[in-house]
Amino acid sequence: MIEAYGLTKRYGAKTAVYNLSFQVRPGTVTGFLGPNGSGKSTTMRMILGLDTPTSGQVTIGGHRFRGLPNAPRQVGALLDAKAVHGGRTARNHLLSLAQLSGIPARRVDEVLGVVGLQDVAKKRSGGFSLGMGQRLGIAAALLGDPQVLLFDEPVNGLDPEGILWVRNLMKRLASEGRTVFVSSHLMSEMAQTAEHLIVIGRGQLMADMSVSEFIARNSVGFARVRTPDTEPEQREKLATAVHEAGGQAQPEEDGALRVTGLALPQISDLAHHAGLRLWELSPHQASLEEAYMRLTQGSVDYRSTVDARAGLQQQPAPVPAQMPPGAPAQMPAPGQMPAPPAPGQAAPGAPGGWAPPQDAQHQGFGPAPQGPPPPTPPASQPASPHARHEGEDAR
Amino acid sequence: MTLTTMPTHTARVVKSEWTKVRSVRSTVWTLAAALVVTVGMGAAICAVTSSSYDDMSTTQRATFDPTYLSFSGMGLGQLAMIAFGVLVVSAEYSTGMIRNSLAAVPQRGTFLLCKMLVTGPLVLVVGMITSFATFFLGQALLGDQGAGITDPGVLRAVVGGGLYMALIALFAVGVTFILRSPLLAFAILMPWFFLISSILGTVDATKKIAQYLPDQAGTVVMSVVPDTLDRPYGPWEGLLILVGWTAAALLAGFLVLKKRDA
């Protein structure tokens, strides 16, 4: 059992973690989700006593980590797969950690087998791939057969087989009654591994609930409605009708409408009364990834902007009245980005084009975030290319 | 829950630190370099001096200190000892291993103590071997002008030389615990011990203060003829000043380790 109470960490003027309170219970895999820079690793380091909280405290089994007797036998952690001396062999690395807690050398060979590194045990870890490094880090966490396990982004750099293996390992460890706390920025990964979720954004708690509850609360259903492509005015009519009935309608990339707030039969009735024909009326469930992105949207620290490549463009020289034929200044540079697509237009290659439903801000976020809420985007954000870019970044 | 008593816990951490030290190549390279450079340089200077002894003036002969001369290589050899001390600590920080180490040994005092318990005896053994080897080889090359180990003050000088090497390495350990970065530690310690300290010790204006610097004070223990170095303190007092420096560096290193986030 890991218990955090009012955990706060400031680095100078920057607040990395603010007033975080949660419990991680034994017997389940608890996912710790948040965008990059949201304070996941800082929280992990505070749990392990590496960083001292500015205020608040976190305990493992009722003890502060620094006060734990023989900590490695009770808590195992993978923080950073690259945190090994590259000149030391895998076996010696684990041996030095094993000796710290009086674990026999036999156990080192056991865990090397468990993570599948027995063949490279005598190789220096400097030559390891990221995936092998992750396995070595997991081996180190398993050394003491601890009851509490912390993994910071354990699937980074693993191949699909490795990801499946980690997933099953976490579940098995939890089924043995251990406390398993896994951080990730991938909602899809957590949905398959974790039973309980703790979501943070900008260092503040945004959700603390079971995965099924998270899905129920956050993945709002919507209807895709398509009017005949040949008659665009029908779409406008339907959108107006939906708004009048209290629903929201947003244009989709392919010309369909995404309708939220109304049940399917209601939409059909509306169309019927307005004398509109429908080519499509289908129920959809927003994915967990979308729900997570919507939740953390306002708290993404690093978001990309459209690369206009303006800095690479040659400033067109003052154009003479009579242009010489083939003047290069007017030609678009090779690879130059076209103007950003108009709202609603498909951005080529942008995956998962989705727009936040307009009622996103009214969705239940679970326990209300304590302290000042993070800045949220305007409630009625249109489906713009920017929304998609933000979404991409949050992954 | 396995409750362990402190001494067994310490023993485990010491064992682990020993595994860490012996399982990286830099240990062998730096310590071997300390021995080879010190003995080699000392031997070369002794050989040259031996051949030019007849040309020396009477005053030079009167203050001639064959023991101190054979330790001439230590000025350079100590840099390898410092490198060892820096790497033992900074490798933890530069690789991120420190987080694994401190997650396993949350008691930071124990961690630092055990690092000392491993590196201390190791550098002492290497220092002693170096000191005795460079003394005997140097005296053999000096021939008739050489000193014997039974001569007054000589054994003290040779043992002191070994202690000096060990203390310099531990001083580097302490300083690196404060600075944490290998780059910073090397950039400060290397020029300091190689150049700046000896320059300050030669310039009249700074001499008075510079003679209390760690290496300036520590080297006095290796002199047998009192007039070779003009100092207001004796050989053991000189070494004691170095001990003070080392203790201060380690204490400051401990405070940094305890207070700062890893």
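Convention: sequence-line order gives letters A, B, ...; per-chain numbering from 1.
Applying the 6.0 Å contact sphere to NZ of A:K171 captures more than 12 heavy atoms from other residues, nucleotides or ligands. Within 6.0 Å of atom OH in A:Y5, 12 or fewer heavy atoms from other residues, nucleotides or ligands are found, so the atom counts as exposed in its surroundings.
Counting only heavy atoms from C-beta outward, the side chains of B:M97 and A:H93 approach each other to under 4.5 Å.
Note that CG of A:L79 and CG of B:N100 are 7.0 Å apart. Values are rounded to the nearest 0.5 Å. To the nearest 0.5 angstrom, B:T19 atom OG1 is 11.5 Å from A:L94 atom CG. Separating the CG atom in A:D51 from the CZ atom in B:R260 is a distance of 11.0 Å, to the nearest 0.5 Å. Summarising the geometry, atom CZ belonging to B:F111 is positioned 8.5 Å from atom CG belonging to A:L100; distances are rounded to the nearest 0.5 Å.
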Donor-acceptor contacts, no H, no angles, side chain residues 120-137 of chain A, under 3.5 Å, sequence neighbours left out:
residue	atom	partner	partner atom	Å
A:R124	NE	A:G87	O	3.4
A:S125	OG	A:H85	O	3.2
A:S125	OG	A:R88	O	3.3
A:S129	OG	A:M132	N	3.2
A:Q134	NE2	A:E153	O	3.2
A:Q134	NE2	A:N156	O	3.0
A:R135	NH1	A:V115	O	2.9

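B:R22 approaches A:L95 most closely through the heavy-atom pair NH2-CD2, 3.8 Å. Annotation for B:P106 and A:A71: closest pair CG-CB, 3.6 Å, computed over non-hydrogen atoms.
Salt-bridge check for A:R45 with B:D261: failed, with every basic side-chain N at 4.0 Å or more from each acidic carboxylate O.
Per-residue counts of heavy-atom pairs under 4.5 Å with chain A were compared for B:A91, B:S26, B:A103, B:S101; the largest is that of B:A103. Interface remark: of the candidates A:D80, A:V84, A:I103, A:V84 forms the most heavy-atom pairs closer than 4.5 Å to chain B.
In this structure, chain A has heavy atoms under 4.5 Å from both the backbone and the side chain of B:R99.
Taking non-hydrogen atoms and a 4.5 Å limit, the residue list of residues 176-198 of chain B in contact with chain A is empty.
Counting only distance, with no hydrogens or angles, the side chain of B:S16 and the backbone of A:S96 share a donor-acceptor pair below 3.5 Å.
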